[in-house]
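Written below as structure tokens is the structure these notes are about.
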Amino acid sequence: MISTYRSTSKAILLAAATPLAFILSTAAGFAQDATTATDASATAPAPATIAPQDTKAEPADATGQEIVVTGSLFRRTDTETPSPVTVLTTQTLQRAGITNINDAVRSISADGAGSISTGFQNGFSAGGAAVSLRGLGVSSTLVLIDGLRSTNFPLNDDGHNAYVDLNSIPFSAVERVEVLKDGASSSYGADAIGGVVNIIMKKHVVGVSGTAEGGISELGDGGRYRANLTAGIGDYDRQGFNFYVNGEYQKDTAISVSDRKFPFNTLDLSSIGGADGNPNDNALPQNTINAIVRRSTQTDLNNPFAGGAAATGTYTSLNLNCANGTYTVAGAAGGTACKHDNTNEYTQVQPAQERYAFSGRLSLKVADNIEGYVSGSYSHNQVVTKTRPPLSIRQTQPYGASPTLASNNPGIVLPVYICSAGVNCVTAADRQLNPNNPYATAFANDPSNGAARIYYLFGDLPASQIRTNEVIRGAAGLRGSFDGGWNWQVDAVGAKDNLNIDSLGVVNIAGLKQAINTGAYNFVNPSLNSQATRDLVAPRYSVGSHTSLASLDASVSKALFDLPGGPLQVAVGGQIRHEVEENNSLNANLDRYANTSAAFGSHTVTAGYFEINAPVLSTLEINGSGRYDHYSEGFSNFSPKIGAKFTPIKQIAVRGTYSKGFRAPTFAENNARSSYAGFVNSTPPCSFILEHGGSGTLTSCSANGNPYNLAYNVGSGFSGNPDLKPEKSRSFTGGIVVEPTPWFSFTVDYYNIKKTNVIVTGPQTADARAAYFAGTPLPTGYSVAAVDSIDPLFPNARPRVLIINAPYVNAASQMVSGIDLGANVNVPLGGEARFISRIDVTRLFKYNVDNGNGVVQKFAGTLGPYELSSGAGTPRIRGNWQNTLQFGAFSLTATTYYVSRIKAVAADEIDADDNGNIDLSCANNLYGTGDKFCYIKRFIYADLNVSVEVNDKFSFNFNVGNFTNEKAPVAPASYSGTNYLPTWHYAGVIGRTFRAGANFKF
């Protein structure tokens, strides 16, 4: 048996791993470091701005510096606003050992279902990384850089969800990360439904600083090497300018599935009571790199795709030179074949990744009352994904192509004769018996009955993609003031994301046919194939895509008059931005077995917005804002928000907000040129099976030996719908901030978000398939795109449907609610000793979806929504707890991460009963084993980080990731990782890691 957790004592050890477990075990919640200075200081923090979660660029309470808080237009010294904001300072991230924006942002407890990690390699947007606040999807979380938008990643998650790639943002130039966990469309426009991630870059740097670090996993793989250098000149306050440049480099090496232990290296869980998900060592026929064949017919001797429906005799292996031994299946349809485990042999846990970036900024005092800046960045990120075994020779046709291009129905065959022309080989002068076909000699005089139906993986053509993403971004702005107390600001930003995908191991259909008919490809011993032959069958394909953004913002603000609590402030502004996407299909000509998804579009958005802040009493502040957005596609939206903060005493503040927001349809969703296809495994209904020679009744039937009646891949094609409306949202939050002492503060915030007009893909697709088989009209908006070739045994019966076109529609609603808990502790222990702690926890109460049919799907605590992104589900509790013990120049930090258990059921995979109820019991375990593996256990692990300052100029750091080497909980129902969920449990598969680095500053 596999045990995810060694024992109760080990769980206790994890809790005790942090110093706080010994000193302050009762402190259960926190959200961020109160200020950068508080963390760094060896003296007691300055008393009282009670904002343990609120934005602080610097300790505003100590310096009086004005900053802009995310979600507001106003500059202020009191950084606490009615909205909950979590801040990750550079010091917090350094203590956690975090080295990139992806890991930094996704560590936030509010990141939920639909989050995209680099470890999820087999999705639509593999190579990208994104955050999904409140679990509402990556397209409902807005990512900003210095309060301004950036361009989206050219690929869409799940074929249609747009997001900013976190891997494209330079990390070493980041000052802090602010996460507004509240609706913010009233300030920023579309997509800010789940919240806003605002990445604040460094503004001024003087001197030279840098870092060099290297590390590796305990098993000797998964290396990480990184370095960065920053240099700046100019004392901004004294000289009126500052200029700095920054460069960084990071390389992560790949980790293969075969380099990890059971159960994360195979789909065969039979030894622990699970299913044997690896049929390649016990069943026939199977596709492996050692080809197997069975005699069949060929109706068109020039076309290897024209194999007959029937096959006879046993299976024959073309090559029994087997590294892992052989297995034999008895019976008339048996045979002997080589043992393989394709998952173990060909897939990987961690992709190889290399990235580098350059950034810089010039800040300038143009005049006494005018300041300006120009900033720019370039990032390069390359990910090599190996997400699956080599391509099978048996494939369905590309979406949109003719069924005659399918090589799997009834199956591709090797002919009896080959020739140099590959056409009319039976009568060609240079014909010869096919050395790949073991039946060729016996059927030399009857070639139509001597074809060899083949099952094979192209082992000499490893499947991988090299995804290279380059982002260029520039921004410039001016701000100042003029007579009458007016403040103004103008910002312009432009960005372009260029993505290139090189695909290897993708089979060209015409090349495959030619290689078979000419005998060029050696199926008996593929290692003898020439490079020219391999290029004929699977040339290297390179496809480029891009997105771009250009935006101009301008605003003015003024304090109109004084109220009892302070000045009444008013701000108004406007924005115009232009966005473009060209996500080109990897298979535009439909000539290869590759994904056909594509998205195109451009639009111009104009917006006007305002904000009013009224401290009506010394204890009560009310804030209101609104924004009107108009899209050139023809739709508009107004987003209002109101918030209040009540501070009855200095140590307590009560806050709350109510807002409405929206998400604009993506180009993949609303542009008629955009499309993508998804395939599911489906078994025809009994009515169809009986028409094709099956046996039984309309409610219980069997295929009766006809392969046409077996389960097959049926596709749904989705094209952009120009009539889509924006998704709408209603959000409210309410919470309390408490700071009873200068060294301890905590927050509790409730959130509740409801989305309506949610865009879904073909909610009646299953009904449309059923209607086709029943011979009745399909639902409105649905049509049959392709049907299968006829059943040769029953040529007059209805053929199978292969692809149904389905629309994007506004049909669903979503509702999520829960609480965020946070606390900060900063305790002087005497002398130079100090204890610092922060905790960030989210408890989900509800995540419900209604797809418009009145059936409520409940996802909280389950693997639903299973079809969203990586299918990682929705844990009820997620949190992290960081504790630092500091002794002068030495500090020891433990950061503990927690994800609650997840039930392996998903409401979006279960049909409702006649009363509209969905059974979420273990009887509907997605793995199909009832109570066995019905729950994916909780996961808790901790990272240790040691920092030693040698002097003011040099320091060293040492990091041990997952220092107790906790193993990931077994999740057999996962389709994004080998028996684990990469989104939540990645560290438990990588195992213990070690890194060491040096830092300098002059």
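From a predicted model like this one, the values you see are computed outputs, not experimental measurements.
- No donor-acceptor distance shorter than 3.5 angstrom exists from the side chain of Ser639 to the backbone of Gly661, with no hydrogens or angles considered.
- Side chain to side chain, Glu354 and Tyr249 meet the donor-acceptor criterion of an N or O pair below 3.5 Å.
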- Where do Leu568 and Asn613 land on the side-chain contact (heavy atoms from CB on, under 4.5 Å) test, with the steps shown first? CA-CA 6 Å; Leu568 174 71; Asn613 194 69; over 6 Å; no
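- Of the N and O atoms on the side chains of Glu248 and Ser172, at least one donor lies less than 3.5 Å from an acceptor on the other residue.
- Distance CG/Leu133 to CG/Asp111: 6.5 Å, rounded to 0.5 Å.
- Looking at Arg95 and Gln882, their side chains come closer than 4.5 Å, going by heavy atoms from C-beta outward.
- Taking 4.5 Å as the limit, some side-chain heavy atom of Leu478 sits within range of a side-chain heavy atom of Val366.
- Side-chain contact check for Asp943 and Thr895: no donor-acceptor pair (N or O, by modelled atom type) lies under 3.5 Å.
- Taking the side chain as every heavy atom from C-beta outward, Val572 and Val556 approach each other to under 4.5 Å.
- Counting only N and O atoms by type, the side chains of Asn487 and Gln489 include no donor and acceptor under 3.5 Å apart.
- Between the side chain of Gln575 and the backbone N or O of Leu552 there is no donor-acceptor pair closer than 3.5 Å.
- Residues Ser625 and Ser186 have side chains that bring a donor and an acceptor to within less than 3.5 angstrom of each other.
- Cation-pi contact between Lys365 and Tyr236: present, with separation from the ring centre below 6.0 Å and deviation from the ring axis of at most 45°.
- Between Ile98 atom CD1 and Asn100 atom CG the span is 8.0 Å, to the nearest 0.5 Å.
- Judged purely by distance below 3.5 Å, without hydrogens or angles, the side chains of Asn167 and Arg355 pair a donor atom with an acceptor atom.
- For the salt bridge (charged side-chain N to carboxylate O under 4.0 Å, His left out) with Arg149, the qualifying choice from Asp553, Asp491, Asp191 is Asp191, the only one to do so.
- With rounding to the nearest 0.5 Å, the separation of CZ in Phe171 from CG in Leu166 is 12.0 Å.
- There is no side-chain donor-acceptor pair under 3.5 Å between Thr90 and Glu175.
- Looking only at atom types and distance, the side chain of Asn381 has no donor-acceptor partner in the side chain of Asn469 under 3.5 Å away.
- Nearest heavy-atom pair, Ser72 versus Glu611, reported as atom, atom and distance to 0.1 Å: OG-OE2, 3.0 Å.
- Counting only N and O atoms by type, the side chains of Lys181 and Thr86 include a donor and acceptor under 3.5 Å apart.
- Judged purely by atom type and a 3.5 angstrom limit, Thr647 has no side-chain atom pairing as donor or acceptor with the backbone of Lys650.
- Residues Tyr751 and Asp749 form no side-chain contact, since every pair of their non-hydrogen atoms from C-beta on lies 4.5 Å or further apart.
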- Message: For a side-chain contact (heavy atoms from CB on, under 4.5 Å) check, start with the C-alpha distance between Val946 and Phe890, then their side-chain angles and the critical distance, and finish with the verdict.
- Response: CA-CA 8 Å; Val946 176; Phe890 173 87; 3.4 Å; yes
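- Enclosure of atom CG in Asp368 is not indicated, since only 12 or fewer non-hydrogen atoms of other residues, nucleotides or ligands lie within 6.0 angstrom.
- A salt bridge between Asp952 and Lys1001 is absent, with no side-chain N of the basic residue lying under 4.0 Å from a carboxylate O of the acidic one.
- When side chains are defined from C-beta on, Thr141 counts as touching Val197, because their heavy atoms get closer than 4.5 Å.
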- Decide yes or no on side-chain contact (heavy atoms from CB on, under 4.5 Å) for Asn623 and Ile642, but give the supporting numbers first. CA-CA 6 Å; Asn623 182 278; Ile642 188 168; over 6 Å; no
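- Thr99 and Arg224 share a side-chain donor-acceptor pair at under 3.5 Å.
- Between Leu88 and Ala104, the shortest heavy-atom contact is CD1-O, 3.4 Å.
- Of all non-hydrogen atoms in Gly97 and Asn959, the two that sit nearest each other are CA-ND2, 3.6 Å.
- Atoms CH2 and OG, on Trp881 and Ser109 in that order, are 15.0 Å from each other to the nearest 0.5 Å.
- Between Tyr378 and Phe358, the ring planes are parallel. Angles under 30° get that label, and only those over 60° would be called perpendicular.
- The closest side-chain donor-acceptor pair between Ser83 and Lys641 falls under 3.5 angstrom.
- For the residue pair Ser555 / Trp488, no side-chain donor-acceptor distance below 3.5 Å is found, with atom types taken as modelled.
- No side-chain heavy atom of Val179 sits less than 4.5 Å from a side-chain heavy atom of Val105.
- Contact detail for Pro170 and Ile101: the closest heavy-atom pair is O-CG1, 4.5 Å.
- A salt bridge links Arg995 with Glu213; the closest basic N to acidic carboxylate O contact falls under 4.0 Å.
- Within a 6.0 Å sphere centred on NZ of Lys558, other residues, nucleotides and ligands contribute more than 12 heavy atoms.
- For the residue pair Glu581 and Thr547, no side-chain donor N or O sits within less than 3.5 Å of a side-chain acceptor on the partner.
- If you check the side chains of Asn999 and Asn957, you find a donor sitting under 3.5 Å from an acceptor.
- Residues Asp497 and Thr151 have side chains that never bring a donor and an acceptor to within less than 3.5 angstrom of each other.
- Formation of a donor-acceptor pair under 3.5 Å by the Ser187 side chain with backbone atoms of Ala184 is not found in this model.
- Relative orientation of the Phe482 and Trp486 rings is parallel, given thresholds of 30° and 60° on the angle between their planes.
- Taking 4.5 Å as the limit, some side-chain heavy atom of Phe835 sits within range of a side-chain heavy atom of Asn883.
- Asp820 and Arg134 are joined by a salt bridge, as a carboxylate oxygen and a charged side-chain nitrogen come within less than 4.0 angstrom of each other.
- By the 6.0 Å and 45° rule, Arg361 stacks over the aromatic ring of Tyr373.
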- Item | Steps toward side-chain contact (heavy atoms from CB on, under 4.5 Å) verdict (Gln886, Ile836) | CA-CA 8 Å; Gln886 184 173 314; Ile836 305 162; 4.0 Å; yes
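- When all heavy atoms of Ser481 and Asn369 are compared, the closest pair comes out as O-ND2, 2.9 Å.
- Side-chain contact of Ser115 with Ser132: a donor-acceptor pair under 3.5 Å is absent, judged by distance alone.
- To the nearest 0.5 Å, atoms CD (Glu621) and NZ (Lys645) are separated by 4.5 Å.
- Put simply, OG on Ser375 and CE on Met201 are 8.5 Å apart, with the number rounded to the nearest 0.5 Å.
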- Task: Please lay out, stage by stage, how Ser891 and Thr884 fare under the test side-chain hydrogen bond (donor to acceptor under 3.5 Å, both in side chains).
- Result: CA-CA 7 Å; Ser891 69; Thr884 299; over 6 Å; no
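- Nearest heavy atoms, Asn880 versus Ser107: ND2-O, 2.9 Å.
- Taking the six-membered ring where the residue is Trp, Phe1000 and Phe1002 present tilted rings, their angle falling between 30° and 60°.
- In summary, Asp182 and Arg655 do not engage in a salt bridge, as defined by a charged side-chain N under 4.0 Å from a carboxylate O.
- Ion pairing between Asp146 and Lys203 holds under the 4.0 Å rule for side-chain N and carboxylate O.
- Under a 3.5 Å cut-off, the side chain of Asn498 and the backbone N or O of His546 do not form any donor-acceptor pair.
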